[in-house]
Amino acid sequence: MKKRSLLSTTAILPILDLTLPTRSRSPSKNRIAPSRSGAASAGGAIGILRHVKLECPAFTPERQQSVSGQSVEYVTRHIEARYLESARSGYFRFGTLMDYRADEGAVQGRLGDPEESRLREVFRSRSNFFSDADIEGLRLTNCTFDGFSQHVVVETVVNDFCSCSSIGTFDPTRGQFLRDREQQEEKKPGAYVTYHVPTLMKALSNRLKADGWSNLELFGRVVEYGKKDRHWSVESKFTYTRDADALAVWLGIAFIKSKVFSHEEEFRILAIDRSKPGDLDASAKPLVIEHDKGISGAIASLDYY
């Protein structure tokens with residue numbers, strides 16, 4: 001069966017009910033402008049930032065099968081040279097999706113992605129005025145936005161344990177490109193580890209169960225590259241109601257990245273709480289396996305480069 005692209009599916013798109021104004025615009029009663037202190041995000045770029053919690057259904061085997069992507073036989077992790085011997089002994093680390101998010105405005109390094117773990121739906125009135133708008137329960141009546149490039153932003157954040165690799169065996173050209181992309185000298189990769197994915201997934205699953213993480217389900221999928229945030233230019237009167245499958249929204253947040261990162265050719269393994277995908281606590285620490293013979297046995301090759 002041919003797998004659908006996350007970028008082409010309409011399941012992750014919100015539904016907008018746009019109603020054209022039927023009367024002349026009323027005088028503005030509420031004016032929203034950047035504070036003098038500059039406390040508003042990015043120099044006043046965002047007028048209102050609304051956070052929406054995503055409620056995902058349980059990640060059952062049937063749901064997992066319905067969203068599975070293409071199979072991958074080998075993946076390669078590019079690591080700092082000092083970690084090669086640890087990797088040889090079966091060391092393996094899951095960070096979190098939120099860990100990998102770069103600060104807004106920061107220089108994007110090899111792993112820093114300001115869009116990581118989140119989806120933003122951005123609304124801007126063509127007239128800078130909302131006469132009567134309802135955005136996920138946020139009611140705006142006679143509001144003027146002055147000095148903002150983004151009037152209302154609805155942000156959905158998810159978090160899961162995550163391990164990032166590149167598809168296939170080691171490629172020297174890709175390895176060098178990833179090294180050059182890293183902004184911090186001490187974090188530049190100088191070694192690689194290639195794993196046989198089916199063997200690795202089995203070893204990881206066995207170890208997680210042995211360590212008391214029986215609630216976690218492993219899920220691997222190829223990352224797709226394209227536009228992630230959604231931008232809407234709207235009339236002064238409209239209603240926004242999210243009408244999308246929560247699992248598809250979660251999938252899009254976790255497995256779509258900007259084309260800026262397409263050189264990574266990434267394959268991700270998520271360790272998900274099967275009862276609540278995307279709901280890992282924001283303060284969760286990385287999940288680290290120090291030594292494991294099964295993981296070591298999944299190594300196809302490793303070396304310095």
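If you take OG on S71 and CZ on F267, they are separated by 9.0 Å, rounding to the nearest 0.5 Å. To the nearest 0.5 Å, atoms CG (N215) and OG (S275) are separated by 7.0 Å. The CG atom of D160 sits 12.0 Å away from atom CG of L287, with the distance rounded to the nearest 0.5 Å. Distance check, rounded to the nearest 0.5 Å: CZ of R179 to CD of E185 gives 9.5 Å. Remark: L204 CG to K202 NZ distance equals 12.5 Å, nearest 0.5 Å. Residue I269 holds its CD1 atom at 14.5 Å from CZ of R221, rounded to the nearest 0.5 Å.
Between F92 and R77, the closest side-chain pair of non-hydrogen atoms falls below 4.5 Å. In this structure, the side chains of P189 and I79 stay at 4.5 Å or more apart for every pair of heavy atoms. Considering only heavy atoms from C-beta on, V260 comes within 4.5 Å of R181 through its side chain. Side-chain contact between S301 and T169: absent, with no pair of heavy atoms (C-beta onward) separated by less than 4.5 Å. Side-chain contact check for Y91 versus H291: every heavy-atom pair is 4.5 Å or farther apart. Contact annotation: the side chain of D134 never approaches that of L138 to less than 4.5 Å [non-hydrogen atoms, C-beta and beyond]. Between D146 and N128 the shortest side-chain heavy-atom distance does not fall below 4.5 Å. E266 places none of its side-chain heavy atoms less than 4.5 Å from the side chain of I167.
Remark: R50 does not engage E136 in a salt bridge, criterion side-chain N to carboxylate O under 4.0 Å. Of the charged side-chain nitrogens involved, at least one lies within less than 4.0 Å of a carboxylate oxygen, so that R139 and D132 count as a salt-bridged pair. Between K237 and E235 there is no salt bridge, since no side-chain N of the basic residue sits under 4.0 Å from a carboxylate O of the acidic one. Taking a cutoff of 4.0 Å between a charged side-chain nitrogen and a carboxylate oxygen, E85 and R82 do not qualify as a salt bridge. Under a 4.0 Å N-O distance rule, the pair D292/R207 qualifies as a salt bridge.
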I would like to know whether K257 and E116 meet side chain to side chain contact (heavy atoms under 4.5 Å, CB included); could you show each step before the answer?
CA-CA 7 Å; K257 296 185 68 173; E116 190 68 85; 4.1 Å; yes
V158 and L97: side chain to side chain contact (heavy atoms under 4.5 Å, CB included), yes or no, with the steps?
CA-CA 8 Å; V158 302; L97 291 174; 4.1 Å; yes
Any chance you could lay out the side chain to side chain contact (heavy atoms under 4.5 Å, CB included) test for I272 and L280, step after step, and finish with the verdict?
CA-CA 8 Å; I272 308 157; L280 180 67; over 6 Å; no
Evaluate W213 against F94 for ring pair (Phe, Tyr, Trp, His ring centres under 6.0 Å), listing each step before the verdict.
CA-CA 13 Å; W213 292 95; F94 286 93; 9.7 Å; no
Would you check, one step at a time, whether the test salt bridge (Lys or Arg N to Asp or Glu O under 4.0 Å) holds for E115 with R120?
CA-CA 8 Å; E115 295 182 355; R120 281 183 174 178; over 6 Å; no
List the steps and the verdict of salt bridge (Lys or Arg N to Asp or Glu O under 4.0 Å) for R174 and E265.
CA-CA 9 Å; R174 180 176 62 191; E265 301 175 310; 2.7 Å; yes
Apply side chain to side chain contact (heavy atoms under 4.5 Å, CB included) to V222 and V72, showing your working.
CA-CA 8 Å; V222 173; V72 170; 3.8 Å; yes
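Among all heavy-atom pairs drawn from C56 and A246, the shortest one is SG-O, 3.5 Å. When all heavy atoms of R63 and A58 are compared, the closest pair comes out as NH1-O, 2.9 Å. Between S117 and M98 the shortest heavy-atom distance is OG-CG, 3.7 Å. Taking every heavy atom of both residues into account, R93 and P286 meet most closely at NH2-CG, 3.1 Å. In terms of heavy atoms, L218 sits closest to S205 at CD1-N, 3.6 Å. S89 approaches S86 most closely through the heavy-atom pair OG-O, 2.8 Å.
Listed for the K228 side chain is no donor-acceptor partner under 3.5 Å among the backbone atoms of L119. With hydrogens and angles ignored, the 3.5 Å screen pairs no side-chain donor or acceptor of S296 with any backbone N or O of K293. Not a single donor-acceptor pair under 3.5 Å links the side chain of S125 to the backbone N or O of F130. The backbone N or O of V152 lies less than 3.5 Å from no partner atom in the side chain of Q150, so there is not a single donor-acceptor pair. A donor-acceptor pair under 3.5 Å is absent between the side-chain atoms of R118 and the main chain of E155, judged by distance alone.
Contacts classified as salt bridge (charged side-chain N to carboxylate O under 4.0 Å, His left out) and involving residues 271-291 (residues at least two apart or in different chains) are given here: K53-D279, E217-R274.
Connection of Y225 to F177 is not established within any shared hydrophobic cluster, with ILVMFWY side chains joined at heavy-atom distances below 4.5 Å, either directly or through further cluster members. No continuous path of hydrophobic side-chain contacts links V193 to Y74 [ILVMFWY only; heavy atoms under 4.5 Å]. If you chain together hydrophobic residues whose side chains sit under 4.5 Å apart, Y83 and Y304 fall into the same group.
Residues meeting the side chain to side chain donor-acceptor pair (under 3.5 Å) test with T199, sequence neighbours left out: H196.
Defined by atom type and a distance below 3.5 Å, a donor-acceptor pair is missing between the side-chain atoms of R268 and S165. Using a 3.5 Å distance cut-off with no hydrogens or angles, the side chains of T76 and S166 do not pair a donor with an acceptor. For the residue pair S233 / R124, no side-chain donor-acceptor distance below 3.5 Å is found, with atom types taken as modelled.
Think of F170 as one node in a network of Ile, Leu, Val, Met, Phe, Trp and Tyr side chains linked at under 4.5 Å; its network also takes in Y192, Y305.
F145 has its ring centre no less than 6.0 Å from the ring centre of F123. Taking the six-membered ring where the residue is Trp, the centroids of F238 and Y240 are separated by 6.0 Å or more. If you look at W250 and F59, their ring centroids are closer than 6.0 Å.
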